[in-house]
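Take a look at the structure set out below.
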Amino acid sequence: MADDGKATLKPVATSGLAISGLVLTALLWGGMIPMTHALVTQVFDPLFLAAIRYLVPAPLLLVMCLLLDRRSPFGGPLPWRHLIQLGIMMACFSQFFTFGMLLSDPISAAIVMSCSPLMATLLAKLLYRTPLARGFGLALAAAVIGGALVAVDAVRPRAVVSTGIPYIGEVLLLSSMACWSLYSLKTQQWLAPLKWSQLRISFLTSLSGSVFVLSGFAIMELLSPGRLPTVWPSAGVWFMILWMAVGGAGLAIVLWNYGVSRVGVPVASLYGNLAPVFSVLVAAVFFSATVSPQQVVGGIVILAGIVYMQWPRRRVSP
């Protein structure tokens, strides 16, 4: 595949494993929304939280690579330039998302995430002229409308930090979605042709991203000490850390990259629109939020759009 930014990323045949993985990814990322807001506003410094999100899952991903791939992920020549670029994209996503949550609220985050399929589709069209799957337009409309219905009626804890700049949190969240869509597209363009496993791709790109995130935290800690926690986290805080790090920044990235390799970024992003649904459910279970009939309708609308596109869907050979 040509590395000129104009190559076409062709859709490939879908699979039950890919779809199941994308739904699980939406659950893990959906739960991250209220958890990130709670941790960044009540417990941790945002730079520290962004750092541990990548520090915790790194050993797990390495062990999975060694056990499942039966080879070192560092073996053979590595495309360092591309890995560094992908790491920067991932680090930017992490920082924009974390600070966006600090300066915004979980509901705004869910609404912004409902626009991620549109962002992914525009980037795929602009960079690769990617053809849209049959029924994608209606599914996109259902995803955006359903995501807004799910998010708009939930409990609204507002930002605890104000910069005086209107909607800066929402702008940062939208920027994080753009960074993630670009990372997803470029990962499949640059690394998939190397015949690497999606596990290896996820580990090496996450490792690259963690270097930038951890370096940024270390520099800021030296310049302005006091960002490290001073008390041992509670069991509830540890649960949220593990959900975000092992699940959201570990397993979910592997499942996401696999799903993208099978159905493409625009379609995978539609499944990501289940994240607001799961976000509200997690908020209801763990944060005593109230689930309204309107939110239930929103979830049904999202699912209906996805089912319409996928049933029946043309299978396209790679």
Side-chain angles (χ1 to χ4, degrees), residues 17 21 24-25 27-29 31-32 35-36 39-40 43-80 82-95 97-98 176 179-180 183-184 187 190-192 194-222 227-261:
L17 180 60
L24 179 56
T25 297
L27 169 61
L28 293 171
W29 284 348
M32 280 177 53
M35 292 181 187
T36 299
L39 291 177
V40 81
V43 184
F44 294 130
D45 176 88
L47 288 174
F48 176 78
L49 182 61
I52 61 174
R53 278 184 58 204
Y54 287 102
L55 184 63
V56 172
L60 174 63
L61 289 176
L62 176 58
V63 171
M64 290 175 65
C65 281
L66 295 174
L67 292 178
L68 299 180
D69 287 350
R70 299 181 181 275
R71 55 175 296 183
S72 169
F74 301 104
L78 298 177
W80 290 110
H82 288 156
L83 288 175
I84 290 172
Q85 290 174 315
L86 291 170
I88 292 174
M89 296 173 197
M90 185 174 284
C92 288
F93 159 77
S94 178
Q95 301 289 27
F97 180 80
T98 303
S176 73
C179 290
W180 186 257
Y183 159 81
S184 302
T187 294
W190 290 339
L191 302 185
L194 300 178
K195 305 302 181 183
W196 288 0
S197 69
Q198 294 301 321
L199 184 58
R200 185 182 186 187
I201 289 174
S202 301
F203 169 69
L204 289 176
T205 55
S206 295
L207 182 64
S208 177
S210 69
V211 170
F212 291 102
V213 173
L214 293 172
S215 298
F217 170 75
I219 293 173
M220 293 304 297
E221 176 65 17
L222 289 174
R227 299 178 183 276
L228 293 171
T230 57
V231 297
W232 187 254
S234 66
V237 170
W238 271 115
F239 174 80
M240 289 189 284
I241 291 174
L242 292 176
W243 181 296
M244 293 173 55
V246 177
L251 177 62
I253 294 178
V254 177
L255 295 174
W256 171 262
N257 283 329
Y258 177 74
V260 166
S261 72

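Residue pairs meeting the side chain to side chain donor-acceptor pair (under 3.5 Å) criterion with at least one member in residues 202-213, sequence neighbours excluded: Y183-T205, S202-N257. Sorted by first and then second residue, the salt bridge (charged side-chain N to carboxylate O under 4.0 Å, His left out) pairs involving residues 211-220 (not counting sequence neighbours) form an empty list. Screening residues 43-63 for salt bridge (charged side-chain N to carboxylate O under 4.0 Å, His left out), with sequence neighbours left out, gives D45-R227.
By the side chain to side chain donor-acceptor pair (under 3.5 Å) test, W29 is found to be paired with no residue, residues two or more places apart in sequence or in another chain being considered. A search for side chain to side chain contact (heavy atoms under 4.5 Å, CB included) contacts involving I84 returns I88, F212, not counting sequence neighbours. Under the ring pair (Phe, Tyr, Trp, His ring centres under 6.0 Å) criterion, Y54 pairs with no residue, sequence neighbours left out. Residues meeting the side chain to side chain contact (heavy atoms under 4.5 Å, CB included) test with L78, sequence neighbours left out: F74, W80, L83, W196, R200, L204. By the ring pair (Phe, Tyr, Trp, His ring centres under 6.0 Å) test, F217 pairs with F48, sequence neighbours left out.
L199 is listed as a side-chain neighbour of L61, based on a closest heavy-atom distance under 4.5 Å. With contacts defined as side-chain heavy-atom distances shorter than 4.5 Å, the pair M89/W180 does not qualify. Using a 4.5 Å heavy-atom cutoff, the side chains of T187 and H82 are not in contact.
Distance alone, capped at 3.5 Å, places no donor-acceptor pair between the S94 side chain and the A91 backbone.
Rounding to the nearest 0.5 Å gives a distance of 11.0 Å between CD of Q95 and SG of C179. Atom CG of L228 and atom CD of E221 lie 4.5 Å apart (nearest 0.5 Å). Within the model, atoms CG of L27 and CG of L255 stand 11.0 Å from one another, a figure rounded to the nearest 0.5 Å. For the atom pair S197 OG and L68 CG, the distance stands at 8.5 Å (nearest 0.5 Å). L47 CG to L214 CG: the interatomic distance, rounded to the nearest 0.5 Å, is 11.0 Å. In this structure, OG1 on T36 lies 4.5 Å from CZ on F97, to the nearest 0.5 angstrom.
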Hey, can you pull the donor-acceptor pairs under 3.5 Å for the side chains in residues 229-245, sequence neighbours left out?
| unit_1 | atom_1 | unit_2 | atom_2 | d |
| --- | --- | --- | --- | --- |
| S234 | OG | V237 | N | 3.3 |
| W243 | NE1 | L28 | O | 2.9 |

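Pairing each heavy atom of P79 with each of L191, the nearest pair is CG-CD2, 3.8 Å.
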